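Keep in mind the model is a prediction, meaning the values are calculated, not measured.
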Amino acid sequence: QHDKVLRCCGELEPLVSRALSEVSAEMALLLDQRAKALKRLRRFEEARSAATASLKIVEQVYGRGEKYAIGLNVLAGILNAEGKHEEGLKCVEEARSLMKPDSDPHLLSRLLNLHALLLTAVKQYQKAVLVREEQLALRLQISGPNHADYATSLANAALLYSELKQIDWAVDLMTKALAIRTKTLGPSHYTTQTTRNRLVEYRKAQTDPEMKKKLASKSHRICSRPKCFKVEKKMGICLHCKSYYLCKDHHETMDEHMAVCPNHPDALWVERKVDEIVKC
């Protein structure tokens, strides 16, 4: 009864296919978890092998879409921890190219965070700043201003700005991160204490040139103009406070800063004069 057998096969095939897909998806997820655990144990070669095997399964079952991007993010994280930043950067950029406008915002936020870290590691500071600002805005939109995840984004942004010699910005962001972590995690939590220690370093760097030098990149600065975010090796600098930088596009605005620079002699004179008038 070949006709009946054929009909039965037609009914069974989608059921078997679906079952195999579900098993394959579970296996891919399991391999991802295995890869993450191996990464934490610093068994990087085994971690990469597990992540790559997961990617192959995902590609066979789902093709190259959002699920494939998740696997690439896992692999990129392993490469970043291993110190293979250029390879990790390629993985993240491929993952971002697969994301769609309606993709999971939490996944996109994780991708942006890792992208910014890898760009910083390879000293592509201009791109790193733009990606970090994008991630910070997205995390605020997802979590709100009082969530621990937003505090993590603030702390990561502070690290980047401290490296680019904007210590005042770093202090402001790390102060916000500390307030959120103290409220959500408690004052004695390890992460809160780490944030507090980092903030102490930044505040010391505001007045101690050696500490600032220790925290900062040797050759790159970020423009101090609001919303500029341009990073260059050679920048105009205020010689009085030595913490205000201007890119080539904003050199002519240095006078605006001089009028309010706390270390400028004229500004100090104006301040004293105002005090005298008030007292009189």
Side-chain angles (χ1 to χ4, degrees), residues 29 32-33 35-37 39-40 65-67 69-81 88-89 91-93 95-96 98-121 125 127-164 166-203 205-206 215 222 226-229:
L29 183 61
D32 274 345
Q33 295 302 320
K36 291 175 184 177
K39 181 187 78 170
R40 294 188 184 100
E66 187 175 295
K67 291 183 184 294
I70 294 171
L72 283 170
N73 190 43
V74 173
L75 180 58
I78 294 165
L79 292 165
N80 180 45
L89 188 58
C91 287
V92 167
E93 288 175 346
R96 287 198 64 184
L98 298 173
M99 300 296 286
K100 297 177 181 178
D102 60 344
S103 293
D104 180 4
H106 293 276
L107 171 59
L108 180 56
S109 179
R110 291 196 298 273
L111 271 174
L112 289 169
N113 181 60
L114 185 54
H115 195 189
L117 290 173
L118 286 162
L119 286 166
T120 305
Y125 291 113
K127 289 182 180 178
V129 167
L130 296 174
V131 172
R132 177 59 66 196
E133 286 295 321
E134 185 181 354
Q135 193 269 335
L136 196 60
L138 180 60
R139 178 46 64 187
L140 177 62
Q141 181 184 339
I142 295 169
S143 306
N146 300 309
H147 198 280
D149 287 342
Y150 183 55
T152 300
S153 297
L154 288 168
N156 287 335
L159 286 169
L160 176 57
Y161 287 135
S162 71
E163 193 166 341
L164 296 173
Q166 284 293 358
I167 301 298
D168 291 346
W169 293 7
V171 166
D172 180 51
L173 292 171
M174 199 62 83
T175 301
K176 291 176 182 176
L178 178 60
I180 296 169
R181 283 176 168 169
T182 302
K183 185 177 180 180
T184 57
L185 302 174
S188 59
H189 192 276
Y190 169 76
T191 308
T192 307
Q193 291 179 357
T194 303
T195 308
R196 188 181 297 109
N197 293 339
R198 184 74 70 173
L199 181 57
V200 169
E201 284 184 347
Y202 290 167
R203 284 177 174 160
Q206 284 180 305
L215 293 173
I222 182 170
K227 303 298 180 183
C228 178
F229 303 128

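- Between the side chain of T184 and the backbone N or O of H147, no donor-acceptor pair lies under 3.5 Å.
- Taking CE of M99 as the start and CG of D104 as the end, the distance is 7.0 Å to the nearest 0.5 Å.
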Going by atom type alone, with no hydrogens or angles, which donor-acceptor pairs under 3.5 Å involve a side-chain atom of residues 168-177 and a protein atom two or more places apart or on another chain?
| residue | atom | partner | partner atom | Å |
| --- | --- | --- | --- | --- |
| D168 | OD1 | Q206 | NE2 | 2.8 |
| T175 | OG1 | V171 | O | 2.6 |

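- Ion pairing of R132 with E163 is absent here, as no side-chain N (NZ or NE/NH1/NH2) approaches a carboxylate O to less than 4.0 Å.
- A donor-acceptor pair shorter than 3.5 Å cannot be found between the side chains of Q193 and S188.
- The two residues A205 and I167 come nearest to each other via the heavy atoms CB-CG2, 4.1 Å.
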*Do R139 and I142 pass the side-chain contact (heavy atoms from CB on, under 4.5 Å) test, and can you show the C-alpha distance, the side-chain angles, and the key distance before you say yes or no?*
CA-CA 5 Å; R139 178 46 64 187; I142 295 169; 3.6 Å; yes
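- Distance alone, capped at 3.5 Å, places no donor-acceptor pair between the S109 side chain and the H106 backbone.
- The nearest pair of heavy atoms linking A95 to L111 is CB-CD2, 3.6 Å.
- Atom-to-atom distance recorded for L178:CG and N197:CG is 10.0 Å, nearest 0.5 angstrom.
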Could you pull out every donor-acceptor pair under 3.5 Å between side chains of residues 69-76 and any protein atom, sequence neighbours left out?
none

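- The distance from the OG1 atom of T195 to the OH atom of Y190 is 9.5 Å, given to the nearest 0.5 Å.
- In terms of heavy atoms, L79 sits closest to C91 at CD1-SG, 3.9 Å.
- A distance of 11.0 Å separates CZ in R110 from CG in L138, rounded to the nearest 0.5 Å.
- Atoms CG and CG, on L118 and N113 in that order, are 9.5 Å from each other to the nearest 0.5 Å.
- When all heavy atoms of P187 and R196 are compared, the closest pair comes out as O-NH2, 3.3 Å.
- Separation of atoms CD (Q166) and CZ (F229) is listed at 10.5 Å; rounding is to 0.5 Å.
- With no hydrogens or angles considered, a side-chain donor-acceptor pair links T152 and R181 at under 3.5 Å.
- By the ring pair (Phe, Tyr, Trp, His ring centres under 6.0 Å) test, Y202 pairs with no residue at all, sequence neighbours left out.
- With a 4.5 Å cut-off on side-chain heavy atoms, H115 and L119 count as touching.
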